[in-house]
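The next block holds one structure in the form of structure tokens; read it before the comments.
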4 protein chains.
Amino acid sequence: MMGHEIDLKNYEIRTDLILDSIENKSVDIEKDIKTSDDIKVTKVFVDKDNGKLLSKKEGNYVTIEFKDITDTGNKDKLTDAFSCELKDMLNKLNISSDASVLIIGLGNEKSTPDSLGPKVIANIVVTRYLFVLKEDVKKGVRCVSSISPGVMANTGIETSSIVSSLVKEIHPDFLIVIDALAASSIDRINKSIQITDTGIHPGSGVGNMRREISFDTMGIPVIAIGVPTVVESSIIVYDTINYLFKHISYIKDNQSKNKLIFSRSNYADKIRDKDLSLEEKKEISGMIGELSDSDRQSLIYEVLSSLNYNFIVTPKEIDFLIDRLTDVIAGGINNSLHDEV
Amino acid sequence: MMGHEIDLKNYEIRTDLILDSIENKSVDIEKDIKTSDDIKVTKVFVDKDNGKLLSKKEGNYVTIEFKDITDTGNKDKLTDAFSCELKDMLNKLNISSDASVLIIGLGNEKSTPDSLGPKVIANIVVTRYLFVLKEDVKKGVRCVSSISPGVMANTGIETSSIVSSLVKEIHPDFLIVIDALAASSIDRINKSIQITDTGIHPGSGVGNMRREISFDTMGIPVIAIGVPTVVESSIIVYDTINYLFKHISYIKDNQSKNKLIFSRSNYADKIRDKDLSLEEKKEISGMIGELSDSDRQSLIYEVLSSLNYNFIVTPKEIDFLIDRLTDVIAGGINNSLHDEV
Amino acid sequence: MMGHEIDLKNYEIRTDLILDSIENKSVDIEKDIKTSDDIKVTKVFVDKDNGKLLSKKEGNYVTIEFKDITDTGNKDKLTDAFSCELKDMLNKLNISSDASVLIIGLGNEKSTPDSLGPKVIANIVVTRYLFVLKEDVKKGVRCVSSISPGVMANTGIETSSIVSSLVKEIHPDFLIVIDALAASSIDRINKSIQITDTGIHPGSGVGNMRREISFDTMGIPVIAIGVPTVVESSIIVYDTINYLFKHISYIKDNQSKNKLIFSRSNYADKIRDKDLSLEEKKEISGMIGELSDSDRQSLIYEVLSSLNYNFIVTPKEIDFLIDRLTDVIAGGINNSLHDEV
Amino acid sequence: MMGHEIDLKNYEIRTDLILDSIENKSVDIEKDIKTSDDIKVTKVFVDKDNGKLLSKKEGNYVTIEFKDITDTGNKDKLTDAFSCELKDMLNKLNISSDASVLIIGLGNEKSTPDSLGPKVIANIVVTRYLFVLKEDVKKGVRCVSSISPGVMANTGIETSSIVSSLVKEIHPDFLIVIDALAASSIDRINKSIQITDTGIHPGSGVGNMRREISFDTMGIPVIAIGVPTVVESSIIVYDTINYLFKHISYIKDNQSKNKLIFSRSNYADKIRDKDLSLEEKKEISGMIGELSDSDRQSLIYEVLSSLNYNFIVTPKEIDFLIDRLTDVIAGGINNSLHDEV
């Protein structure tokens, strides 16, 4: 009802992460989930039909979720897990151990939340000049080249044009593309790595003029590695309101019982999965509660955008997080590309 | 009513900006406001009584609000305005043109949103060694020294201890302290500069173990220059919910009228100042709407904190914003300190 | 005589600067010299025959020599002079005001003495995306794109391959290439800018595997802008020994006269152009003095290389010098490319 | 003889390294030398008398010389050796395992060859705030604080004043000071670490207005850790001329013998220790050869200074060298300070 009254624009939340899309659109899809040491790996194959529902390309998506990488032990475990999943993806695509690779670090080194790609590139072990110089290369060492093409605002050149011109020039057998992404839930910011064989796509993530970098445009396999490092304010608000519903509902259910129930240790898990009826939501939050999820999301987006307050934000600690993530991604790539390193 | 039901913790929003405090606590205080070229300067004197109401120190507070400093023209105008207000503060405190100054850049250069202080220091024109070496210093050039003491996490030393030990060693006549602050409204992030003669205070801003740097602790005047560069997620949510109320109320009032009213050009101004009755808020947002402002704020803080989602965030473009703000603050200080530059 | 005795290897000093080559090889060539405000501009056209003598490509070479760019006034004058000479080169090559340009910053941003190219690129005003998006571009604004391709040690890809692949992809009408050079005299390090229409060549400068970037390889005009930022130790030694000869000869000539002659103000100019006979050199420096210039140079190179002491060095202040030179080169390019900036 | 003719100024070569001083002044002093894995450790105790001869303070000096730290294995061995020598120095000074330390990183982070001190500080494990907050600190963890005070050109404050004011404020039991030094021979640049209990002294190294930081001025033990990262051009020239003498003499001795003698593998070792008579030097280099070592050094200094060519230089690869040295020094300090890390 209210949806009509406030004349919602047709607004579709943009996200780069398949798990966000699956949640947001409530698509029923088979997930292969594996957990160990606080690291959760979720594998999904999106077929043509689900791809349409999700506005995502057909292909394999692997999401690695983790908790704290300021701890060195956790960081090492994550690096191993990531390296292992990347190797697995190479096998799935039948990429042989002597296939040559060009690694592309997208993003702007001068802008911290967008600097992951260039920083990873600075830490990649490059070997291609050994092959060019016909030096005696050890068995098990793959031919690796890499580049940080910069961003269109600085180069004036579409990034995909730079990549495709290089592919034509040096003929790598496959591409790895690293990019910072936009999350569409506060749960996953700086807490997940997505590996996919579908490449990088326009319209995914925060809108800029990028063209697709994929098998379709490059003619060779493209493995995209993405880490969400930013989030729109409207998403923070939307997620929080949902948690407010769950929180209040939880309190109401438990208010006559004893106080110990409030212990922080299990609170989060208890409310995270709580479901509310529309009636409950209406009681808790009136007209706002009565809206469908997507209408509520659109309303928040609409209001913040109109006021120019829909900032894209990043955590205060982003410099340190990017440093850690650089170690994980570069270390994991170096490990998985060569039999001998 | 609801306040009792959900067992709100006694939570007080922390803010570094006097205008945020005045708004949040609805304290009635005289403001001297001056506007030109999109720059708004608000001067407030907080006396002892208002200080108690606001949890702020007695003294002068000048807030300069501005819009877009990516435009070079605007940046230059802001630098002039800031320089002018700083000179005015020096006059108000009867600081003579040959009084020596030590300028302190608080914060961590390695963490972008916290790097304003050290970056300003790197651009200050320092003259003290000329005086020490008894070189022939031009008339109108003040004795200026500066330091970036670092942050306690890196030095292990309370920053105020470093400052007070230097004050005892080199005996400056007054201090200028530059710091990145936490905003308590999304309106003001990276859009205001606060100048105050009350110094830097514990408990203001995002909680860390800082001790006060002020006339009381240093024995000389302390002018603090602060720019809000970060904000808590809970504040984004609280502010947005308030705008949702205003937006929906505005739509309801205008829904029978013609559509042109939606033109973005004047929408923001129209809703920003809209006031709603409790009844309206309840209709729009049920139990959440029914809460008092401070209870709603506490509720949001409580839920996000319990889930570990109350991130302190900064806009994605923070690297560029800090660069611009550095130019403004360092340029303005250099201009205002010397008759001859 | 001695030359035979010590079995000198056939060693040819490598230099990137035409004026160094002309001096080292004593080639007689017409120079068009213009001086104002401590800035000296020398224009040379190298024809085929002189090109062979100098091991340099046929074409135009403009050298701008300057003194102190830590002074802001001098820096601005140099920027104007450089901008003016670059415009002049564009005219000489009949490059029209709407011809599109791709600007290439060679070098490694992570290595200070080699970071000039990438740092200039970061300050170039790029416009090509306006043309791509068919936005309404002001008359007098040229289509500009730019890239920092990195160095082969990091990318594994020959830099000239990256450039040629981009030329094929985006079809610029001409190229500007910026590079840090090796000086072959201590007079010119960080004190000259060379502009040439002959491009960048292998074998010039400190030996690395670079291929030529020139009209011959790219099919479009290539303007190379080079600044010497490093020098081999052997060149410092060779130059100093020459000055020792001149100094001692000068002292001997003047030892009976009065002491005032030692005033530093005119000493340098007096000895710089002093010529010594072979006899004098032999008296002053025995077997070393008796060697021909090129044999002495080879000897020094040979000894330092054998000991692994022929370091390539850069002045201690290189960080600040690169910052200033970046301002000059980027500012000058931005000014000269557009009628309207 | 010639010394009189050319009116040599009384010029004394400045050096920060005890081994350079001992060589330059040919002082006979007992050395305790230990070599393993390409790492050579030389320990010297300078008593009052030798101190006068060497213009050095009385005390212990440990010099660690090494070859290639771009190799990770070598870097790790050097870190161990350095850590071990630092522990040894702590024991020699009877510094107990719970004595608190303030670590000072001298130098300017913005100037690469001078950035070692600040970069080491950024990698020190600081613990003092744990003690201040009375947290439960593990046994074997020492109270560590640290600061990078900046350079006088930027702060306007004598660095030793900043340090002494902090010593008075926080009362550490001893100081560790890290600094980039000037070498006085090309053999040792970026190839040695000096540890001494004599502190940092005025007049040592490239002349700036620094005051002493030592037991005498601070009242607590001061361990200075220095790495030569720069060298004056005049020293490169002086050293090279000496090698020219040795080289030519070697050639003359061996010219009738077979050519294989030129193999690079043993050439360096053979000429390095060659001694020449004055007669030989005169034959090889005439009046220049006839000068005493110190007069020749003064002459070169005089000529280069008069021409403003006595640059202080650093190797082209300084950025990478500083990164490696930072790892070694910070890693070694962290290891040696705590029983438990």
Side-chain angles (χ1 to χ4, degrees), chain A residues 100-105 108-111 115 117-135 137 141-172 208-211 218 330 337, chain C residues 100-105 108-111 115 117-135 137 141-172 208-211 218 330 337:
Chain A
S100 65
V101 62
L102 169 60
I103 307 178
I104 314 282
N108 183 355
E109 185 157 16
K110 308 280 189 249
S111 176
S115 65
K119 284 191 174 145
V120 167
I121 292 303
N123 289 281
I124 290 295
V125 177
V126 158
T127 60
R128 187 175 174 274
Y129 61 89
L130 301 173
F131 291 82
V132 172
L133 299 173
K134 308 231 185 286
E135 289 195 14
V137 184
V141 172
R142 186 191 295 275
C143 173
V144 177
S145 53
S146 74
I147 196 164
S148 294
V151 291
M152 192 172 174
N154 292 343
T155 61
I157 315 171
E158 236 286 12
T159 303
S160 67
S161 298
I162 300 177
V163 176
S164 73
S165 75
L166 277 171
V167 168
K168 281 177 230 157
E169 186 81 21
I170 66 169
H171 306 295
N208 44 25
M209 295 163 307
R210 287 186 191 166
R211 281 203 302 259
M218 300 292 155
L337 287 185
Chain C
S100 64
V101 62
L102 169 60
I103 307 179
I104 314 282
N108 182 354
E109 185 157 17
K110 308 278 190 249
S111 176
S115 65
K119 283 192 176 147
V120 167
I121 292 302
N123 288 282
I124 290 295
V125 177
V126 158
T127 60
R128 186 174 174 275
Y129 60 88
L130 300 174
F131 290 83
V132 171
L133 299 174
K134 307 229 186 290
E135 288 196 15
V137 184
V141 172
R142 187 191 294 276
C143 173
V144 178
S145 53
S146 74
I147 197 164
S148 294
V151 292
M152 192 171 171
N154 292 344
T155 62
I157 315 172
E158 235 286 13
T159 304
S160 67
S161 298
I162 300 178
V163 176
S164 73
S165 75
L166 277 172
V167 168
K168 281 178 232 158
E169 184 82 20
I170 67 169
H171 307 294
N208 44 26
M209 295 164 308
R210 285 187 194 165
R211 282 203 302 258
M218 299 292 155
L337 286 185

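Residue numbers start from 1 in every chain, and the chains themselves are labelled A, B, ... in the order their sequence lines are given, proteins ahead of strands.
- Between Lys110(C) and Ala122(A), the shortest heavy-atom contact is CE-CB, 4.3 Å.
- A donor-acceptor pair is defined here as one N or O able to donate and one able to accept, closer than 3.5 Å; such a pair exists between the side chain of Ser146(A) and the backbone of Asn154(C).
- In this structure, no portion of Ile103(C) lies under 4.5 Å from any heavy atom of chain A.
- To the nearest 0.5 Å, atoms CD1 (Ile162(A)) and CD1 (Ile162(C)) are separated by 10.0 Å.
- Taking CD of Glu169(A) as the start and OG of Ser164(C) as the end, the distance is 4.0 Å to the nearest 0.5 Å.
- Heavy-atom pairs under 4.5 Å with chain C peak, among Ile121(A), Thr127(A), Ile157(A), Leu130(A), at Ile157(A).
- Put simply, OG on Ser148(C) and CD on Glu109(A) are 10.5 Å apart, with the number rounded to the nearest 0.5 Å.
- Here CD1 of Ile124(C) is found 13.0 Å from OG1 of Thr155(A). Values are rounded to the nearest 0.5 Å.
- Looking at Ile170(A), the atoms closer than 4.5 Å to chain C (heavy atoms on both sides) all sit in the side chain, from C-beta outward.
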